[in-house]
*Asks:* 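Below you will find the structure I want to go over with you.
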Amino acid sequence: MSEEKNLNFIEEIVETDLNEGKYKSIITRFPPEPNGYLHIGHSKSICLNFGLAKKYGGSTNLRFDDTNPVTEDTEYVESIKDDIKWLGFEWSNEFYASDYFDTLFEYAVTLINKGLAYVDDSTSEEIATLKGTPTEPGKDSIYRSRSIEENILLFNEMKDGKYKDGEKVLRAKIDMAHTNMLMRDPIMYRIKHAHHHRTGDKWCIYPMYDFAHGQSDSIENITHSICTLEFIPHRELYDWLIEKLNIFPSHQYEFARLNMTYTVMSKRKLLQLVNEGHVSGWDDPRMPTISGFRRKGYTPLSIRNFCDKIGVAKRENLIDLSLLEFCLREDLNMTAKRVMAVLDPVKLIITNYEEGKTEMLTSENGPDESLGHRSIPFGKELWIEREDFMEEAAKKWFRLAPGALVRLKSAYIVKCESFEKDSDGNITAIHCTYIPESKSGQDTSGISVKGTIHWVSVKHAATAEVRLYDRLFKSENPAAEEGDFKEYMNLDSLHIINNAYIEPSLTTANLEDRFQFIRKGYFCLDKDSTTEKLVFNRTVTLKDAWSKEVKKG
RNA sequence: UGGGUUAUUGUGUAAAGGUAGCACUACAGAUUUUGAUUCUGUCUGUCUAGGUUCGAAUCCUAGUAACCCAACCA
């Protein structure tokens, strides 16, 4: 019945559940821990969870998994909300695991009363030792046989702050010889005399992930609790707790997390890059964080399309960065306004053009008519790109060289007559003549040229700082390399151009605007911009067939 | 050496016993006032070995490889 739909395995599960009447509608959740910024991997999960609810008419909760007060902060809560909104999703409810601390405490008491939980006074080392290894069974703690009454008393004392951090824990009583390590009497509660960003100092005991997550899902009537592969072993415990507590049976499903070439995706590693100053912050445009991509000029649509294309499955993957860039260019190509900017300038002088004359030329803002037109000032002296001139033309060279003709975009065809060099051999000026009949849009010259180059009028140019970003890592998969992942960083990942020349229309650019600097790439204004100094970030380069031609030799 | 999960072209993902498809990448060509875009075309694949079947990526058996699990993290 769904032959042409090509559903992913989770959509198939949802459709089956819906068709069989297991649920009337579905509820999913996105459950970040507020201890860091969201990255592109999270956007896969966000698109999956929110996308599922949208597709099947359900709803999605945003739930902060804030069970560890020492690593969490409201700064992260705010950034996470911003990122999800920016991506274009709306949650039905904003919840916190900490909303359920009272309920969770009652659940723990229930388990104690059923003889399924006990207070253990062992140190963490003792607990680790008695836990055994994957190949050897663990051993029971001497505290495992405490009476229900004693456990209730002790657990309440834990809550009341009678004990110091680490003195006692509450554990589920399952099976110390279980083949699944997580079932060997997992810790449910630990003592942490720490200030929580939401509950303040109300609690000094906090539930572990396993004792909070499934129950939170259950409380919210989550039908499909979707997480990544490394949580597969947790599912058995997830189900065990729901069964013993006899609460709404949410179900956990696991998919493979996103990995991408030339970057790292673990929060720990990203935090390290920030803390050690390898990048300027979580939103450094080289970071794979959502805020980093946003600052770099990525669009929400491009990221959503990307998440759509990569699919959802259970095998380990390493997605080509080029697919993300394809999705980006696909979007930007349709929407970005075309403008001209010269990043590495050299002066071009039109010897037969009237001194001091300014001509306003009309240029289209993009391939789509709806983007409209603008006028650009043209004059006798122009800045052009240094790399668009070659003293001795290479084969298949379509740009400027002595004697060669080239079209100045939206202006005239010029012919290179001569050039000047300084004592170091650098080109300092190029002298051309222009063909007055070749004016763009009213060309009667009958001349056709192979190359078109961009330019900015010297007299009218504004200046700007332009930041060119490259991949942060030289290795395709730095996390999988030998040694420290930071050894594989690309030390040349940021190139700053202090004085690029930009066409005057760019001086009124806004933060949300997207531009294509013709022939140079896509750019956007950076938040560091001031009225005195504009700063542009390169979002992504254009595809470049010429550089490949050059490499071929 | 225990348990769990996964193997389809360079990458990712479809095909639920019946033509191995799609996208990205790469390559070639056409168009182009962006060496962009657009358009056309080309290349490479079912982890291995057996078996069942008219027919196997799919079912069976035995291997192999990768990843996850021994935090009072999530």
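Note on naming: letters A, B, ... go to the chains in the order of the sequence lines (proteins, then strands), and numbering restarts at 1 for each one.
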*Asks:* For U6(B) versus C59(B), give the span between their P atoms, rounded off to a whole number of Å.
*Replies:*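 So the two P atoms sit 12 Å from each other.
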*Asks:* Taking only side-chain nitrogens and oxygens of Lys192(A), does any of them come within less than 4.0 Å of OP1 or OP2 of C73(B)?
*Replies:*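 Yes.
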*Asks:* From the options Tyr501(A), Phe523(A), Tyr522(A), select the one residue that forms a ring-ring contact (aromatic ring centres under 6.0 Å, His included) with Phe517(A).
*Replies:*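 So the option named by the test is Phe523(A).
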*Asks:* To the nearest angstrom, how far is Asp308(A) atom CG from A14(B) atom P?
*Replies:*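 After rounding, the reported distance stands at 12 Å.
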*Asks:* Let's see if you can work this out: which of A14(B), C69(B), C72(B) has an atom nearest to the side-chain heavy atoms of Val169(A)?
*Replies:*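 Given the options A14(B), C69(B), C72(B), the side chain of Val169(A) is closest to C72(B).
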*Asks:* Can you measure Phe211(A) atom CZ to C73(B) atom C1' for me and round it to whole angstrom units?
*Replies:*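 So the two atoms are 18 Å apart, to the nearest Å.
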*Asks:* Return the nucleotide paired to C59(B): Watson-Crick means purine N1 to pyrimidine N3 with N6-O4 or O6-N4, wobble means G-U with N1-O2 and O6-N3, both under 3.5 Å.
*Replies:*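 Checking every strand shown, C59(B) finds its partner in G51(B), with both distances under 3.5 Å.
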*Asks:* Of the nucleotides A14(B), U34(B), A16(B), which has the atom closest to the Leu542(A) side chain?
*Replies:*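 Selected nucleotide: U34(B).
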*Asks:* In whole angstrom, what separates Glu316(A)'s CD from C69(B)'s C1'?
*Replies:*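 Answer to the nearest Å: 14 Å.
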*Asks:* Indicate, with a heavy-atom threshold strictly under 4.0 Å, whether Thr67(A) touches base, sugar-phosphate, or nothing.
*Replies:*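 Sugar-phosphate contact only.
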*Asks:* Using whole Å, what does the distance between atom C1' of nucleotide A15(B) and atom CG of Asn8(A) come to?
*Replies:*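 It works out to 15 Å between those atoms.
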*Asks:* Roughly how far apart, to the nearest Å, are G21(B) and U5(B) at atom P?
*Replies:*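 Looking at atom P only, G21(B) and U5(B) are 31 Å apart.
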*Asks:* What nucleic acid atoms does Ser322(A) come within less than 4.0 Å of, heavy atoms only: base, sugar-phosphate, or nothing?
*Replies:*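 Counting heavy atoms under 4.0 Å across all strands, the contact made by Ser322(A) is with sugar-phosphate only.
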*Asks:* P atom, G4(B) versus A62(B): distance in rounded Å?
*Replies:*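 About 15 Å, rounded to a whole number of Å.
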*Asks:* Can you measure Phe398(A) atom CZ to U32(B) atom P for me and round it to whole angstrom units?
*Replies:*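 Interatomic distance, CZ of Phe398(A) to P of U32(B): 13 Å.
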*Asks:* Between Glu549(A) and Lys395(A), is there a salt bridge with N-O shorter than 4.0 Å?
*Replies:*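 Between Glu549(A) and Lys395(A) there is no salt bridge, as every charged N stays at least 4.0 Å from the carboxylate O atoms.
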*Asks:* Which part of the nucleic acid, if any, lies within reach of Leu182(A) when heavy atoms closer than 4.0 Å are counted: base, sugar-phosphate only, or nothing?
*Replies:*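 It contacts nothing in the nucleic acid.
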*Asks:* May I ask which nucleotide in the shown strands pairs with G2(B), Watson-Crick or G-U wobble, both distances under 3.5 Å?
*Replies:*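 Its partner is C69(B).
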*Asks:* Please lay out, stage by stage, how Arg198(A) and Asp99(A) fare under the test salt bridge (Lys or Arg N to Asp or Glu O under 4.0 Å).
*Replies:* CA-CA 9 Å; Arg198(A) 296 197 87 235; Asp99(A) 295 340; 2.9 Å; yes
*Asks:* Any idea which of A74(B), G2(B), U37(B) is nearest the Lys543(A) side chain?
*Replies:*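 The listed nucleotide nearest to Lys543(A)'s side chain is U37(B).
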*Asks:* Closest-nucleotide mapping onto RNA chain B: is Arg338(A) or Glu330(A) further toward the 5' terminus? I mean the 5' end.
*Replies:*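 Closest to the 5' end, via its nearest nucleotide, is Arg338(A).
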*Asks:* Of all the nucleotides listed (A74(B), C69(B), U33(B)), which has the minimum atom distance to the side chain of Arg407(A)?
*Replies:*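 Side chain of Arg407(A) sits closest to U33(B).
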*Asks:* Could you work out which one of U13(B), G35(B), C27(B) sits closest to the side chain of Arg519(A)?
*Replies:*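 The listed nucleotide nearest to Arg519(A)'s side chain is G35(B).
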*Asks:* If I pick the P atom on U64(B) and the same atom on A49(B), what distance separates them, to the nearest angstrom?
*Replies:*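 Those two atoms are separated by 15 Å.
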*Asks:* Under 4.0 angstrom, heavy atoms only, what part of the nucleic acid is His213(A) near: base, sugar-phosphate, or nothing?
*Replies:*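 If one applies the 4.0 Å heavy-atom cut-off, His213(A) turns out to touch nothing in the nucleic acid.
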*Asks:* Please verify the inter-ring angle class for Trp282(A) with Tyr37(A); under 30° counts as parallel, over 60° as perpendicular, anything in between as tilted.
*Replies:*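 Rings of Trp282(A) and Tyr37(A): parallel, under 30°.
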*Asks:* Where does the angle between the aromatic ring planes of Phe231(A) and Tyr209(A) fall among parallel (under 30°), tilted (30 to 60°) and perpendicular (over 60°)?
*Replies:*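 Rings of Phe231(A) and Tyr209(A): tilted, as their planes differ by 30° to 60°.
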*Asks:* Give me the ring orientation class for Phe105(A) and Tyr189(A): parallel if the planes are under 30° apart, tilted from 30 to 60°, perpendicular past 60°.
*Replies:*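 Perpendicular, since the angle between the ring planes exceeds 60°.
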*Asks:* Could you measure between the two P atoms, the one in G12(B) and the one in U46(B), and give it in whole Å?
*Replies:*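 Going atom to atom, P in each nucleotide, I get 16 Å.
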*Asks:* Under a 3.5 Å cut-off for both distances, is C43(B) Watson-Crick or wobble paired, and to whom?
*Replies:*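 Pairing partner: none.
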*Asks:* Quiz question: by atom type and distance under 3.5 Å, do the side chains of Gln215(A) and Tyr100(A) form a donor-acceptor pair?
*Replies:*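 Distance-only check fails for Gln215(A) and Tyr100(A).
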*Asks:* Rounded to the nearest angstrom, tell me the gap between atom NZ in Lys309(A) and atom C1' in U13(B).
*Replies:*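 One finds 12 Å between C1' of U13(B) and NZ of Lys309(A), rounded.
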*Asks:* Atom CD of Glu364(A) to atom P of U33(B): distance rounded to whole Å?
*Replies:*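 Checked: the CD to P distance equals 11 Å.
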*Asks:* Whole Å only: how far is the CZ atom of Phe255(A) from the P atom of G12(B)?
*Replies:*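 From Phe255(A) CZ to G12(B) P: 16 Å.
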*Asks:* Assign Arg399(A) to base, sugar-phosphate, or nothing according to its heavy-atom contacts below 4.0 angstrom with the strands shown.
*Replies:*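 Base, at least one base atom sits under 4.0 Å.
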*Asks:* With a non-hydrogen cut-off below 4.0 angstrom, is Val312(A) in contact with a base, only sugar-phosphate, or nothing?
*Replies:*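 Result for Val312(A) = sugar-phosphate.
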*Asks:* Choose from G12(B), G35(B), A70(B) the nucleotide whose nearest atom is closest to any side-chain atom of Thr133(A).
*Replies:*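 Selected nucleotide (nearest to the side chain): A70(B).
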*Asks:* Given the C1' atoms of A66(B) and U32(B), what is the spacing between them in whole Å?
*Replies:*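 Their C1' atoms lie roughly 47 Å apart.
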*Asks:* Let's see if you can work this out: which of G35(B), A74(B), U5(B) has an atom nearest to the side-chain heavy atoms of Lys314(A)?
*Replies:*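 Taking heavy atoms from C-beta onward, the closest nucleotide is U5(B).
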*Asks:* Which is true for Asn68(A) with a 4.0 Å heavy-atom rule: it touches a base, it touches only sugar-phosphate, or it touches nothing?
*Replies:*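 Sugar-phosphate contact only.
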*Asks:* Classify the side-chain pair Asn61(A)/Glu220(A) by whether it contains a donor and acceptor separated by less than 3.5 Å.
*Replies:*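 Asn61(A) vs Glu220(A): donor-acceptor pair found between side chains.
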*Asks:* Does a donor on one side chain and an acceptor on the other come within less than 3.5 Å for His213(A) and Gln252(A)?
*Replies:*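 On atom types as modelled, these side chains do not qualify, holding no pair under 3.5 Å.
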*Asks:* I want to verify a distance call: between U34(B), G2(B), A14(B), whose nearest atom is closest to the Thr135(A) side chain?
*Replies:*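 Nearest nucleotide to the side chain: G2(B).
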*Asks:* Counting Watson-Crick and G-U wobble pairs only, both distances under 3.5 Å, name the nucleotide matched with A23(B), or none.
*Replies:*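 A23(B) is paired, partner U11(B).
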*Asks:* Among C72(B), U33(B), A74(B), which nucleotide sits nearest the side chain of Ser440(A)?
*Replies:*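 Among C72(B), U33(B), A74(B), the one nearest the side chain of Ser440(A) is U33(B).
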*Asks:* Is there a side-chain polar atom (N or O) of Arg190(A) under 4.0 Å from OP1 or OP2 of C73(B)?
*Replies:*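 So the side chain of Arg190(A) is within the cut-off, an N or O lying under 4.0 Å from OP1 or OP2 of C73(B).
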*Asks:* Measuring from the side chain of Leu323(A) (C-beta onward, heavy atoms only), which nucleotide among C73(B), A23(B), G4(B) has the closest atom?
*Replies:*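 The closest nucleotide is A23(B).
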*Asks:* Side chain of Gln516(A), base of U34(B): donor and acceptor closer than 3.5 Å?
*Replies:*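 Side chain to base: pair present.
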*Asks:* Any side-chain N or O of Lys439(A) less than 4.0 Å from the OP1 or OP2 oxygen of U33(B)?
*Replies:*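 Result: no.
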*Asks:* If you look at every strand shown and take non-hydrogen atoms under 4.0 Å, does Thr541(A) touch a base, only sugar-phosphate, or nothing?
*Replies:*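 Nothing, no heavy atom under 4.0 Å.
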*Asks:* Measuring only the P atom in each nucleotide, how far is U61(B) from U44(B)? A whole number of Å is fine.
*Replies:*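 The answer is 34 Å between these two P atoms.
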*Asks:* Of Ile232(A) and Lys396(A), whose closest RNA chain B nucleotide lies nearer the 5' terminus?
*Replies:*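 Whichever sits nearer the 5' end wins; that is Ile232(A).
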*Asks:* Looking at A74(B) and Tyr209(A): do their rings stack (centroid distance under 5.5 Å, interplanar angle under 30°)?
*Replies:*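 Stack criterion not met.
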